[in-house]
Amino acid sequence: MAEKGKKIPRQAMPEQDPKVRAHNFDEVPYGYDEKLAQLEAQRCLQCKKPKCVEGCPVEVEIPQFIKFIVEGDFAAAARQLKNKNSLPAVCGRVCPQESQCENTCILGKKAEPVAIGRLERFAADYERNNNLVTIPEIASSTGKRVAVVGSGPASLTLAGDLIKKGHEVIIYEALHTPGGVLVYGIPEFRLPKAIVAAEVDYLQKMGVKIETDVVVGKTTTIDELLEDHDAVFLGVGAGLPLFLNLPGENLCGIYSANEYLTRSNLMKAYKFPEYDTPIALGKNVAVIGAGNVAMDSARTALRLGADTVKIVYRRSRAEMPARAEEVHHAEEEGVQFELLTNPVKFIGNEDGWVTGMECIRMELGEPDDSGRRRPIPIEGSNFTLECDTVIVALGTRANPLIPSTTPDLKLNKRGYIEADPETGATSKKGVYAGGDIVTGSATVILAMGAGRKAANAIHEYLMGSA
Amino acid sequence: MYKIVDKKVMAEGTVCQLEVEAARVARKAKPGQFIVLRIDEKGERIPLTMAKQDLEKGTLTIIFQVVGKTTAHLATLEPGDALIDVIGPLGMPTHIKKYDGPVICVGGGTGVAVLYPITRGYKEAGNEVIGIIGARTKDLLILEEEMKGVTDDLRITTDDGSYGHHGFVTDVLKQILEERDDVKMVVGIGPVPMMRFVCKTTEPFNVPTTVSLNPIMVDATGMCGACRVTVGGKTRFVCVDGPEFDGHQVDFDELTQRLRMYVEEEKKSYELFKQKNA
Ligand code: FES
């Protein structure tokens, strides 16, 4: 087997031509076909002590599922994945494998690691596209009811786990469509909404109930939920978008990434006027920040027809927090980078629309608390960057909606909910939390890991108090 | 789905009242709060204020003026039809308390629909309440009877003089403020220019003035920042921090501009709707 790893190179995933895809919202990669998947799967050394599993936050049984692909039993591969990961079609697409499982893959030491993410995606897609999804066995009813607040990755994982254990699970979602960040945040070209809908549908088939249009903290409160549920899980995600607090920031045409992406993804503004929600079709778009959300915003702007899209980032390329793959995709499509550049104010016309952004050039100084070199403004280097749309993608703060109506829920200094990292237990009995509302903005898979841990803890709590 | 159970057309077909089944929202609604609704799968999310709730029937009543596609579409719905989403109650309730002097509630156009539950709240809290409601012309005036029932003194103005005082609500407001120096609170709700004038009128008299803002919103849960306004030099999110603010601190110029952000798109959308429904 060791020989194979050297002979077969890592298989690329076929994808849409960058020039074409920069103008449509269809998914960028086409995914492996069966032949490519089997070829790639054969590269796996089937390690006895697989390092890759250690790199996975939910400990997916990687060599086992890959073995099924080698053997051509793709549905079995998908089932193996789902033992540990309830959303493989999502994770295969949006997980940062290069810093997790693929980072610890032994092949990566000498050559390139096995493309675990691409194989995961393949198996999950195969199962779904061929209608091979089976509903797992559900334990007999425990008579316990769990309220799940929010329907992003942490909540979906937890709901799947708890329903299998025989509890009644009801998800309460504030927006009109379940999926949380998977539907409002991540664009169609990176995660088709039909896939999210299929995952949600799967949970519903298992018996999970979903009530949309319920804003917990407004329509109901945690205390009211506790009256007719035995436990509550808070997976409400991150909240308020951060702005820069610079002059002119409320000019028309300046969006938070949350707003820009929600308009496009959830409200389908890219199909205006067929859909009613509009979005600014900027010609020259500036995106402030360089994380994954910034890349998503920039690539969305291109697809909405922008002539130029510039990522404006105060540090250098090496410090950009986005995945290398996202940066690469964005660059291929024509997104430009204004690095070591920071906005100082926004300039508008008499109608209150943004027309430009005064920026200053930066240089890197000594490392700061984050270990990254601190950007320092270069005096006198100010210049104006012309733009008619600006997207501020600097992350989020905690949303105060739930804490403000739940005074006995302890928060940390930054306003996030304090929860035990191993169980998700909060300061309030029967209330658990996980995902971005606890940790601040993180990844889909970390939120899923938190959902899994909380599900186990809630199960213990419910059965202990039986 | 949220079923429409009753409909009234007011103000010559430009203003419409719908009673919608939404027990969960009605149960919690307090004066000053609002809802977000979506008509159908392709619809936008728009904020609207609740004029009344009926707890027994589990319904709430919305009153809106036809100003664009969504409101025009909404006005075509009949009892038996349903809305795909009704979300709420959102925003902070009005901070109602008993003052040792009169409260003046000033409403213009459909703003009176927002004003009415707040006025009722002040009245129920034991305040002396003076109401001033106005419209362009007599037929556009709404909720006169209701407002009469919750005020000690209700004044009416029309821009064209077809009913009540010939002129603006602010004329009457100014007159009252000149006559009485014990006015403790003014609430002004209506179109942005009107609210701005109410604030200008009360400023020299140093009377605290609350306005209720209705900017463009998307999620209306504090997640997107579409609704941001500048109040006292600081950015606030209307959907979670408001909708009511100290009117003397609000940057009305910015609010007006931000409300016009999608005028072109709104026009296009409305035209297409009219063509389809012609
Ligand atoms: S409407 Fe999105 S934050 Fe207020």
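Here is how names work: the chains are called A, B, and so on, in the same order as the sequence lines, proteins then strands, and each is numbered from 1. Everything numeric here is computed off the predicted structure, so don't read it as measured data.
- Contacts of B:V86 with chain A are made by backbone atoms alone, with heavy-atom separations under 4.5 Å and no side-chain atom involved.
- Proximity to chain A (any heavy atom under 4.5 Å) is shown, for B:Y270, by neither the backbone nor the side chain.
- In this structure, the side chains of A:E211 and B:R24 come closer than 4.5 Å at one or more pairs of heavy atoms.
- Counting heavy-atom neighbours within 6.0 Å of A:F25 CZ, excluding the residue itself, gives a total above 12.
- A:K345 NZ: 12 or fewer foreign heavy atoms inside a 6.0 Å radius.
- Looking at A:K268, neither its backbone nor its side chain comes within 4.5 Å of chain B, counting heavy atoms on both sides.
- Of residues 229-264 of chain B, those residues lying under 4.5 Å from chain A by any heavy-atom pair are B:V229, B:T230, B:T235, B:F237, B:V240, B:E254, B:Q257, B:R258, B:M261, B:Y262.
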Trace of the side chain to side chain contact (heavy atoms under 4.5 Å, CB included) decision for A:M267 with B:R38: CA-CA 11 Å; A:M267 304 310 297; B:R38 205 167 61 116; 4.2 Å; yes
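- Contact record, A:P241 with B:G225: CG-N, 4.1 Å, taken as the closest heavy-atom pair.
- Annotation for B:L272 and A:P273: closest pair CD1-CG, 3.5 Å, computed over non-hydrogen atoms.
- Ranked by heavy-atom pairs shorter than 4.5 Å toward chain B, the options A:T219, A:N250, A:L240 are led by A:N250.
- Within a 6.0 Å sphere centred on CD of A:E224, heavy atoms belonging to other residues, nucleotides or ligands number more than 12.
- Top candidate by heavy-atom pairs under 4.5 Å with chain A, chosen from B:E265, B:E41, B:R27, B:M223, is B:M223.
- The number of heavy-atom neighbours closer than 6.0 Å to NZ of A:K283, taken from other residues, nucleotides and ligands shown, is above 12.
- For the pair B:L90/A:V215, a side-chain contact is recorded, criterion being any heavy-atom separation below 4.5 Å from C-beta on.
- A:D213 contributes no side-chain N or O that, together with a main-chain N or O of B:D85, makes up a donor-acceptor pair within less than 3.5 Å.
- The number of heavy atoms from other shown groups lying within 6.0 Å of CE (B:M92) does not exceed 12.
- The backbone N or O of A:E274 lies less than 3.5 Å from no partner atom in the side chain of B:K42, so there is not a single donor-acceptor pair.
- Per-residue heavy-atom pair counts under 4.5 Å with chain A were compared for B:P89, B:S269, B:A220, and the maximum is reached by B:P89.
- B:R45 places a side-chain heavy atom less than 4.5 Å from the side chain of A:H176.
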A:T221 and B:K28: side chain to side chain contact (heavy atoms under 4.5 Å, CB included), yes or no, with the steps? CA-CA 11 Å; A:T221 62; B:K28 282 286 182 122; 3.9 Å; yes
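- Using modelled atom types, one side-chain atom of B:R228 and one backbone atom of A:E249 make a donor-acceptor pair closer than 3.5 Å.
- Interface residue A:E350: only backbone heavy atoms are found under 4.5 Å from chain B.
- Put simply, of A:T220, A:L261, A:I279, A:N245, the one with the most heavy-atom pairs under 4.5 Å next to chain B is A:I279.
- Distance check: A:E259 CD to B:D219 CG gives 8.5 Å after rounding to the nearest 0.5 Å.
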Distance-only donor-acceptor pairs under 3.5 Å for side chains of residues 55-69 of chain B, two or more places apart:
residue, atom, partner, partner atom, Å
B:K57, NZ, B:E19, OE2, 2.9
B:T59, OG1, B:E19, OE2, 2.8
B:K69, NZ, A:D276, OD1, 2.8

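- The shortest non-hydrogen separation linking B:I216 to A:R263 is CG2-NH2, 3.5 Å.
- B:K268 and A:F272 get closest at one heavy-atom pair: CD-CE2, 4.5 Å.
- Note: A:I254 leads A:V392, A:T177, A:I254 in heavy-atom pairs under 4.5 Å with chain B.
- The ring-ring contact (aromatic ring centres under 6.0 Å, His included) search around A:Y255 returns A:Y260, not counting sequence neighbours.
- Contacts between residues 395-403 of chain A and chain B, counted as heavy-atom pairs separated by less than 4.5 Å, involve A:N399, A:L401.
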